[in-house]
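Below, each value reflects all heavy atoms present in this structure, side chains not excepted, and no hydrogens, waters or symmetry copies. Predicted, not measured: the structure shown is a model, and the values here were computed from it.
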Number of protein chains: 2
Amino acid sequence: MTLAETIKRPTLHQELVDRIRNLVIEDGLKPGEKVPEKELCEAFGVSRTPLREALKVLASEGFVVLQTNRGARVAEVTRQELEDTFPVIARLEQLAGELACVHLSDTDIAGIEARHKAMVSAYKAQDRPSYFKENQAIHKALIGGAKNKILEDHHKLLAARIQRARFMVNLSDERWAAAIAEHETMMEHLQSRDGDMLGQVMKVHIENKFRAFMKGLDAQS
Amino acid sequence: MTLAETIKRPTLHQELVDRIRNLVIEDGLKPGEKVPEKELCEAFGVSRTPLREALKVLASEGFVVLQTNRGARVAEVTRQELEDTFPVIARLEQLAGELACVHLSDTDIAGIEARHKAMVSAYKAQDRPSYFKENQAIHKALIGGAKNKILEDHHKLLAARIQRARFMVNLSDERWAAAIAEHETMMEHLQSRDGDMLGQVMKVHIENKFRAFMKGLDAQS
DNA sequence: AAACATAATTATGAATTCATAATTATGTCA
DNA sequence: TGACATAATTATGAATTCATAATTATGTTT
């Protein structure tokens, strides 16, 4: 795990939830690893009480698993969890696409279009980090564009949980090209504000991503 | 096997999360009301530490709202939350319907059919409590039949959150009749294991329920 | 050495304590 | 009396303490 300097926010546990969740997502704490309560207390300069409160929350979010009298461990990203999660995310994105076409302003759409162009540039330059960044920004903008807090919250939680698996397998050239093509059609439907079609393409987009991911996983083992 | 009736949960906070969540759902603690930390500690015979841990978890689940230095309040069921939640539940049920047709055994389906008959009987007898009970059991069986833990968890959480609003408006005779009709078609598609159709009907079923609910809400104010 | 018993140490769940923010009660003066 | 200041009380967030479960270290016997 990496270090972090002391903090100041509304309440300690709220800050700790975010910080430790990020540690898990960013792989600072690895799946299966024991969460070092004592070390984290020292690293963040807090007592066990708020830290343990944070761990309870993270457990309910699925990032951590509590074992009675045995502390907390970082939750594993199982194959089953991935298989269960992708279809749910796909449906949430479908709904988001439909709603985004209703709620986004022309300016918002122009902004997403700009992001899309940047993403295509990153693809042409074979710049994976920039591609991921723009890609995430686009999906986030579309989810946010749905103006549905429940949808957004649940999507964010699920996306964060499976994001930990992003390094388990890497993006193939074929999948990358296909993803770009799918995004092109998404942009077309967004421009014409065809919610049903945008939703449909976003759903399939995630399903394809899922299939490619699982294929990559199987290829490894 | 044993009928584990005295499942003493390993840790106090886990037990408290369920107990207090139930208090909120069953309206023992009303929306907007301050959560009486002291009283609950005495009532459950625990100290503040596990109880406050439980409140943090319930806050992340959306059942309570924490106010810094001002304790916890039971979250209100706002109109916006209902408007955001129903569409998400509808999509989750749609997916559940599709998956249930794949994963449920003939025996499982026969069991649901029995529940359905009991529900229809309750309708004919105008027995609302029995109707609600059977109705919930059917939906729960279909969600569970999807064999997707992520789907099940998120659906359960959302359903619990809006269930608190069930007494805000009551089931009209027209909506009740329509719901029964929708369930009839659901059963037909389940019997023929037509997942796409079952999913479609379940989605529309929830959307109709939503519309009726909102109409009832507006009629009151 | 290896296997096992047992003692020392550490980690964990939960109660208690403590400092301070928020709230309520009391007193003062117009 | 009523508005306002201030003191007493209570509630809250967080640190600390405490009892015990789990783990590690040590010793004994073969």
Side-chain angles (χ1 to χ4, degrees), chain A residues 1 3-24 28-76, chain B residues 6-24 28-76:
Chain A
M1 58 148 280
L3 49 152
E5 59 273 20
T6 47
I7 53 186
K8 202 50 73 179
R9 252 244 210 144
T11 63
L12 292 181
H13 98 271
Q14 284 170 26
E15 177 74 21
L16 289 170
V17 167
D18 285 343
R19 296 254 188 150
I20 300 174
R21 192 199 291 111
N22 278 341
L23 274 181
V24 174
L29 289 168
K30 302 204 190 317
E33 193 176 315
K34 211 177 57 164
V35 179
E37 204 175 278
K38 204 150 171 280
E39 271 84 27
L40 289 175
C41 284
E42 291 167 9
F44 292 121
V46 300
S47 76
R48 286 177 61 218
T49 304
L51 189 121
R52 287 167 54 77
E53 289 170 348
L55 289 179
K56 307 282 189 283
V57 171
L58 289 168
S60 92
E61 291 181 351
F63 290 102
V64 144
V65 176
L66 301 178
Q67 301 166 291
T68 311
N69 286 326
R70 214 165 279 204
R73 288 185 175 278
V74 178
E76 307 266 4
Chain B
T6 332
I7 301 176
K8 179 66 175 189
R9 247 174 217 66
T11 63
L12 293 180
H13 98 271
Q14 284 170 24
E15 177 74 22
L16 289 170
V17 167
D18 285 343
R19 301 279 274 270
I20 301 174
R21 191 198 293 111
N22 278 342
L23 272 182
V24 173
L29 288 168
K30 303 205 190 316
E33 194 176 314
K34 214 178 41 172
V35 179
E37 204 175 277
K38 204 150 170 277
E39 269 90 52
L40 289 176
C41 283
E42 289 167 11
F44 292 122
V46 300
S47 75
R48 285 176 63 216
T49 303
L51 189 121
R52 287 168 55 77
E53 289 170 348
L55 289 180
K56 307 281 189 284
V57 172
L58 290 169
S60 91
E61 292 180 350
F63 290 101
V64 306
V65 175
L66 301 178
Q67 302 165 290
T68 311
N69 285 326
R70 215 165 274 206
R73 287 186 176 278
V74 178
E76 307 266 5

Do B:E53 and B:P50 have side chains that approach each other closer than 4.5 Å (heavy atoms only, starting at C-beta)?
yes

I want to check something: taking the side chain as every heavy atom from C-beta on, are B:S60 and A:L58 in contact at a cut-off of under 4.5 Å?
no

For the pair made of NE2 in A:H13 and P in D:dA14, what is the distance, rounded to whole Å?
8 Å

Mate of C:dT17 where both pairing distances stay under 3.5 Å, Watson-Crick or G-U:
D:dA14

Atom-pair distance (CG on B:L55; C1' on D:dA14), nearest Å:
15 Å

Compare side-chain N and O positions of B:S47 against OP1 and OP2 of C:dA15 and report whether any pair is under 4.0 Å apart.
yes

Quick one: is A:R52 getting a side-chain N or O under 4.0 Å of the C:dG13 phosphate, OP1 or OP2?
yes

Report yes if a side-chain nitrogen or oxygen of A:R70 is closer than 4.0 Å to either non-bridging phosphate oxygen (OP1 or OP2) of D:dT23; otherwise report no.
yes

Could you check how far CG of B:L16 sits from C1' of C:dA14, rounded to whole Å?
11 Å

Can you measure from CG (B:L40) to CZ (B:R19) and round to the nearest 0.5 angstrom?
11.0 Å

Whole-Å distance separating the CD atom of A:Q67 from the P atom of C:dA11:
15 Å

Roughly, in whole Å, what's the span from CG in B:L51 to P in D:dT12?
11 Å

Choosing from C:dA22, C:dT17, C:dG13, which nucleotide comes nearest the side chain of B:R48?
C:dT17

Can you find an N or O donor on one side and an acceptor on the other, under 3.5 Å apart, linking the side chain of B:T68 with the base of D:dT12?
no

Once you apply a heavy-atom cut-off of 4.0 Å, does A:T49 come out as touching a base, just sugar-phosphate, or nothing?
base

Whole-Å distance separating the CG atom of B:L66 from the P atom of D:dG13:
7 Å

Is B:F44 close to B:L12 at the side-chain level, that is, under 4.5 Å between some pair of heavy atoms?
no

Round to the nearest Å and state the distance from B:K38 atom NZ to C:dA15 atom C1'.
16 Å

Rounded to the nearest Å, what distance is computed from the NZ atom of residue B:K34 to the P atom of nucleotide D:dT10?
13 Å

With a 4.5 Å cut-off on side-chain heavy atoms, are B:Q14 and B:D18 touching?
no

